[in-house]
Number of protein chains: 2
Amino acid sequence: MKTYSLNQLGRYPIYLKLLKEFFDEGVDIVSSPLIAKRLGYSEEQVRKDLQNVASEVGRPKKGREVKQLIEDIETFLGYRDSTSAVIIGVGHLGAALLNFPSFSEMGLEILAGFDTDPKLLWTRVGGKEIFPVAMLKDILPRLNAHIVIIAVPASAAQSVAEQAVASGAKAIWNFAPTHLDLPDNIVVEDVNLASSLAVLSHRLNVALAKEEKK
Amino acid sequence: MKTYSLNQLGRYPIYLKLLKEFFDEGVDIVSSPLIAKRLGYSEEQVRKDLQNVASEVGRPKKGREVKQLIEDIETFLGYRDSTSAVIIGVGHLGAALLNFPSFSEMGLEILAGFDTDPKLLWTRVGGKEIFPVAMLKDILPRLNAHIVIIAVPASAAQSVAEQAVASGAKAIWNFAPTHLDLPDNIVVEDVNLASSLAVLSHRLNVALAKEEKK
DNA sequence: GAATAATCGGTAAAGAAATATGGATAAACT
DNA sequence: AGTTTATCCATATTTCTTTACCGATTATTC
């Protein structure tokens, strides 16, 4: 079975976004070199990535059908059959995620929020009802949501993650700036802004040093 | 000069976070295998990563000094001399970022926000004043901020990014779900939730398939 | 209708990154 | 004090990812 590196997987949504732009502009056919140029990737990488998920072969001198490619990538990424999620932590970040419009495009339905703040409970944020965290184990199994999004402060993250797992969560999308220690069979994906910033800073330093040298 | 892969760079903030937890618990000395176990990394990877930034050699049978290691990583990541940034787009996400407490720990000072919404202008969000985007080219050079954080809708992202670059931005931290096409000498770091979600979904599917097989 | 140019697909090579190995050293234990 | 054990560092190996190459194919041009 073909395996995909995590970097490679992360590129597909980027292709998808660009392809949809092409589609909206009425472009029917795209070639790998064209995509590569737009995204700053190498031609070969794009070609290999697309080969891996395309249902049809490309045509020499032309490329591939935009519409078909969009379908193929969406199918591959699972955007076509939606998964359910809930979010724990409805502070600034959690509210932003609840109001984020693109998740449903990606096949992710956020069904509800959880928090401990009495002011928030039983209200609606982004159209979704907010329940107390203590009710997680009653509500989560009923919602049949596999994915739990964690957007609480770092200090509370491990604890709510454990509650989520105990309530049947299979995957944790962790926005808290801390490492979660969970059983091996639980999928944990970190959105670590500190890591992203570290990469940015380092690249900026390299760039500034290069500029100085000139 | 030693080069660092982007993956490796992203691990340092994670080490740092864990080391600070150890420090708070009064732990003086840590070994690579211990860190590896806590984070789910291999022992060798941790050792190599730490060797690359540590100012002192580790001691057999003991490990390394937590305090020194924290200093070394913070120095390496540039947390010790802070960089300035501004943020464009003060919607849900932008406001969440303006209220995010950890940035100053990471040496990132967000000095101001920019938006086009008249209701927001000249107010304060997260303690930072909000200016009109049109004033970017007047204000940004005066603030001497190299980093511009973009948190506007995808449709506006390319345009504000170009304005930021024209106003002197050297690095763009892009939270908009779109690819930005900017000059090569500008550092662009994307925070792409779609990519992160794609990785999560794929890993979840693999995990669920494995469970089924049992 | 032949020549040219652009793209594809498959395979090979190169390059990076992670992991394993082996000797050395310092602490802990007997 | 000597032996054992845990960890270090340096180097080698393996594995994974990306890039390069090359023949085949099909539009386009003359």
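Keep in mind it's a predicted model, so treat the numbers as computed, not measured. Convention: sequence-line order gives letters A, B, ...; per-chain numbering from 1.
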Q: Starting from the 5' end of DNA chain C, give me the residue, A/Lys61 or A/Glu44, whose nearest nucleotide shows up first.
A: A/Lys61
Q. Any side-chain N or O of A/Ser42 under 4.0 Å from OP1/OP2 of D/dA20?
A. no
Q | A/Asn7 or A/Lys62, whichever maps to the more 5' nucleotide of DNA chain D | A | A/Asn7
(Q) Output the rounded distance in Å from OH (B/Tyr4) to C1' (C/dA18). (A) 17 Å
Q | Spacing of B/Glu43 atom CD relative to D/dT5 atom C1', expressed in whole Å | A | 13 Å
(Q) Output the rounded distance in Å from CG (A/Leu34) to P (C/dT7). (A) 8 Å
Q) Which of the following nucleotides, C/dA6, D/dT7, C/dT7, is nearest to the side chain of A/Arg47? A) C/dT7
Q) Have B/Gln8 and B/Asp49 got a donor and an acceptor in their side chains that come within less than 3.5 Å? A) yes
Q) Does the C/dA17 base have a donor-acceptor partner in the side chain of B/Lys48 within less than 3.5 Å? A) no
Q | From CG (B/Leu6) to CD (B/Glu189), nearest 0.5 Å | A | 7.0 Å
Q.
Just the rounded figure in Å: distance from C1' of C/dA27 to CZ of B/Arg64.
A. 17 Å
**Q.** Residue B/Pro60, side-chain atoms from C-beta onward, closest of D/dT19, C/dC8, C/dT25
**A.** C/dT25
Q | Working for salt bridge (Lys or Arg N to Asp or Glu O under 4.0 Å), residues B/Lys48 and B/Glu44 | A | CA-CA 6 Å; B/Lys48 298 303 173 219; B/Glu44 290 82 1; over 6 Å; no
Q) Reckon A/Ser5 has a side-chain N or O less than 4.0 Å from the OP1 or OP2 of D/dC16? A) no
Q) Which of these nucleotides, C/dT7, D/dC8, C/dA17, is closest to any side-chain atom of B/Ser32? A) D/dC8
Q.
If you assign A/Tyr41 and B/Gln51 each to the DNA chain D nucleotide with the nearest heavy atom, which residue ends up on the more 5' nucleotide?
A. B/Gln51
Q | Length of the CG-C1' vector between A/Asn52 and C/dC8, whole Å | A | 14 Å
**Q.** Whole-Å distance separating the CD atom of A/Gln45 from the P atom of C/dG9
**A.** 16 Å
Q | Separation of D/dC16 C1' from A/Leu9 CG (nearest whole Å) | A | 14 Å
Q.
Using 30° and 60° as the class boundaries, would you call the ring planes of A/His202 and B/Phe76 parallel, tilted or perpendicular?
A. tilted
Q: Examine D/dA27: is either OP1 or OP2 under 4.0 Å from a nitrogen or oxygen in the side chain of A/Arg59? Give yes or no.
A: yes
Q: Round to the nearest Å and state the distance from A/Asp49 atom CG to C/dC8 atom C1'.
A: 15 Å
**Q.** Check: B/Ser55/B/Gln68 side-chain N/O donor and acceptor closer than 3.5 Å
**A.** yes
